[in-house]
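As structure tokens, the structure follows; a few thoughts come after it.
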Number of protein chains: 2
Amino acid sequence: MQTNVIRMVIADDHDLVREGIHVRLASESYIDLVGEAKNGREAVDLCRAHKPDLVLLDVSMPKLNGLEAASIIKEELPDTKILFLSVYDNDEYVQEALRIGANGFVLKDVSKPEMLNAIRLASSGATYIGPRLSKSLAASTPSRGHSAQDYGLTNREKQVLAAISRGMPNKEIAETMNISVRTVESHRMSIREKTGGGNAVMLTKIATELGLT
Amino acid sequence: MQTNVIRMVIADDHDLVREGIHVRLASESYIDLVGEAKNGREAVDLCRAHKPDLVLLDVSMPKLNGLEAASIIKEELPDTKILFLSVYDNDEYVQEALRIGANGFVLKDVSKPEMLNAIRLASSGATYIGPRLSKSLAASTPSRGHSAQDYGLTNREKQVLAAISRGMPNKEIAETMNISVRTVESHRMSIREKTGGGNAVMLTKIATELGLT
DNA sequence: TTTAGCATCGGTACTACTACTGATTTTTTG
DNA sequence: CAAAAAATCAGTAGTAGTACCGATGCTAAA
């Protein structure tokens, strides 16, 4: 954003939706709609041609879906912000979108002000995730280890284990945690007892297994 | 949000920061500051007592850090929205915050309008992630990139490195390779020189990076 | 053929970690 | 509040790894 006008491209395979968005945005003076695509391929081409500040992408589209298109756009035009639009409150899509580097994800039933808010935030470089999606995001992301086998590790032990897996020697761990080396050794020993892990490398494997990376 | 007033609790271990927030929020009529905590434990207690709409948590605090406090609050009061405040643009924290179910994450250098925006969005159930954090979030989940760097390791060194990454101590490596421990140490040392890797854990990371798993 | 790199081994000194034992204080919990 | 769990620290002894020093053959390239 060099100026305060947001130059944007929109992409959705449904004419009706595209027109609806068009109407909503047309009345906003700070938005300059520079292109409209009806599939992912067109969206990518339009972005290449116009280098917009922001592209509003429907998730499900023919040729290239929104996520695929976003990957390409992000790679070629890192400064172009990406805002996803979806009918599905599917957390997998949100996850993937964030992984790609999206700056927002909203459902198609957003109100006009909420949508404009999302556009402003996304173009400013922040990330906006719509209300119902936040919930599914919270409920979903336990893919990082957790549950299953915690080996009964305490918080402190987990912290130490995480530090070990980052390659820190006990001395450094002690310093960053503001405790003595002996205490770190204590924790380390109980970690080994609980997990059955041997040396630092084995403990690292267990750490990644538990998602403490 | 049953009414349009946002009842909130703030928590930060630095008086100065807390006062700054207080001043910022006091002038906003739609915000009702119902409590201030100076550590995680107090934050949890205040939330239990006041059941606020939103709690603004510093990430690093004594007793219980912000993330730990948030876990407890989310569990006991699922309707209380959580907004994190941090000095670190560390993506790990953001990841963890989202996992817990946070509704926002901003850096301590946020402008007042941005902060108020984040508060409004979070309390409405959406999720707001501040500008610089979005970048680290995007960059944090890189999809397997091979560096094609060999570091100029010799065959023997690669074998040793692979063994190290399997968690074998030098003694075992020496036995399975039918060489002396000193030789393994020699190889190990040149591996460290060439790769810049420090201890066993670091070497393991390099090994996986080179696909020697 | 000389140079260079590789692989092999040894000495010495130091640091990091392991394996116990035992203790105090704080925190959590019933 | 009392019991249990967690977190803190210390002693001692042993093992593993680090960081240097050096040496000997062996092979492949200049």
Side-chain angles (χ1 to χ4, degrees), chain A residues 150-207, chain B residues 37-45 47-48 61-65 67-69 71-73 75-76 150-207:
Chain A
D150 239 20
Y151 294 106
L153 293 181
T154 66
N155 283 345
R156 220 53 175 160
E157 285 161 358
K158 282 181 197 166
Q159 287 174 30
V160 171
L161 181 52
I164 292 170
S165 76
R166 275 187 230 106
M168 293 170 81
N170 285 349
K171 194 179 163 193
E172 276 183 40
I173 298 173
E175 279 163 11
T176 56
M177 288 179 71
N178 279 314
I179 54 179
S180 87
V181 176
R182 311 316 294 286
T183 307
V184 177
E185 287 173 352
S186 258
H187 288 314
R188 196 165 178 148
M189 180 129 31
S190 39
I191 292 168
R192 269 199 306 278
E193 272 173 19
K194 288 177 182 176
T195 63
N199 61 23
V201 175
M202 288 307 191
L203 292 181
T204 299
K205 289 183 192 301
I206 289 160
Chain B
K38 61 180 184 297
N39 62 54
R41 165 99 20 243
E42 278 185 27
V44 173
D45 291 342
C47 285
R48 273 198 263 254
M61 285 189 293
K63 308 267 182 166
L64 274 181
N65 71 37
L67 296 166
E68 293 166 333
S71 292
I72 297 171
I73 294 167
E75 194 167 322
E76 297 187 13
D150 226 58
Y151 293 107
L153 293 181
T154 67
N155 286 343
R156 217 59 173 156
E157 286 161 358
K158 281 180 196 166
Q159 287 173 32
V160 172
L161 181 51
I164 292 170
S165 75
R166 274 187 232 104
M168 293 169 80
N170 286 350
K171 195 179 164 192
E172 279 183 39
I173 298 174
E175 280 164 12
T176 57
M177 287 179 73
N178 279 314
I179 55 179
S180 88
V181 177
R182 312 316 298 285
T183 307
V184 178
E185 286 174 353
S186 260
H187 289 313
R188 196 167 179 148
M189 181 130 28
S190 38
I191 292 168
R192 270 200 304 276
E193 273 173 18
K194 289 177 181 175
T195 62
N199 61 23
V201 175
M202 288 307 191
L203 294 181
T204 299
K205 289 183 192 304
I206 289 159

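A, B, ... follow the sequence lines: proteins, then strands. Residue 1 opens every chain.
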Distance test, side-chain N/O of B:His187 to OP1/OP2 of C:dT8, below 4.0 Å: yes
Sugar-phosphate, base or nothing in reach of A:Thr183, heavy atoms under 4.0 Å: base
Closest-nucleotide ordering on DNA chain D, the 5'-leading residue of A:Lys194 and A:Val181: A:Lys194
Trace of the salt bridge (charged side-chain N to carboxylate O under 4.0 Å, His left out) decision for B:Glu185 with B:Arg182: CA-CA 5 Å; B:Glu185 286 174 353; B:Arg182 312 316 298 285; 3.1 Å; yes
Nearest listed nucleotide, side chain of A:Ile179, among D:dG17, C:dA7, D:dC9: D:dC9
Any B:Arg41 side-chain N or O less than 4.0 Å from OP1/OP2 of C:dT27: no
D:dG17 phosphate, OP1 or OP2, under 4.0 Å from B:Asn170 side-chain N/O: yes
A:Ser186 side-chain proximity, nearest of C:dC9, D:dC20, D:dT8: D:dT8
Selected nucleotide, minimal atom distance to A:Arg188 side chain, candidates C:dT18, D:dA7, D:dC20: C:dT18
Residue pair B:Leu203, A:Val201: steps toward the side chain to side chain contact (heavy atoms under 4.5 Å, CB included) verdict: CA-CA 9 Å; B:Leu203 294 181; A:Val201 175; over 6 Å; no
Options C:dA7, D:dC9, D:dT18, nucleotide nearest the side-chain atoms of B:Arg156: C:dA7
Phosphate-side-chain proximity, B:Thr154 and C:dG5, N/O vs OP1/OP2 below 4.0 Å: no
Donor-acceptor pair present, B:Arg182 side chain and C:dT12 base, under 3.5 Å: yes
Phosphate OP1/OP2 of D:dA19 contacted by B:Arg192 side-chain N/O (<4.0 Å): yes
Within-4.5 Å side-chain heavy-atom neighbours: B:Lys205 and B:Thr195: no
Flag, side chain of A:Asn155 to backbone of A:Lys158, donor-acceptor distance under 3.5 Å: no
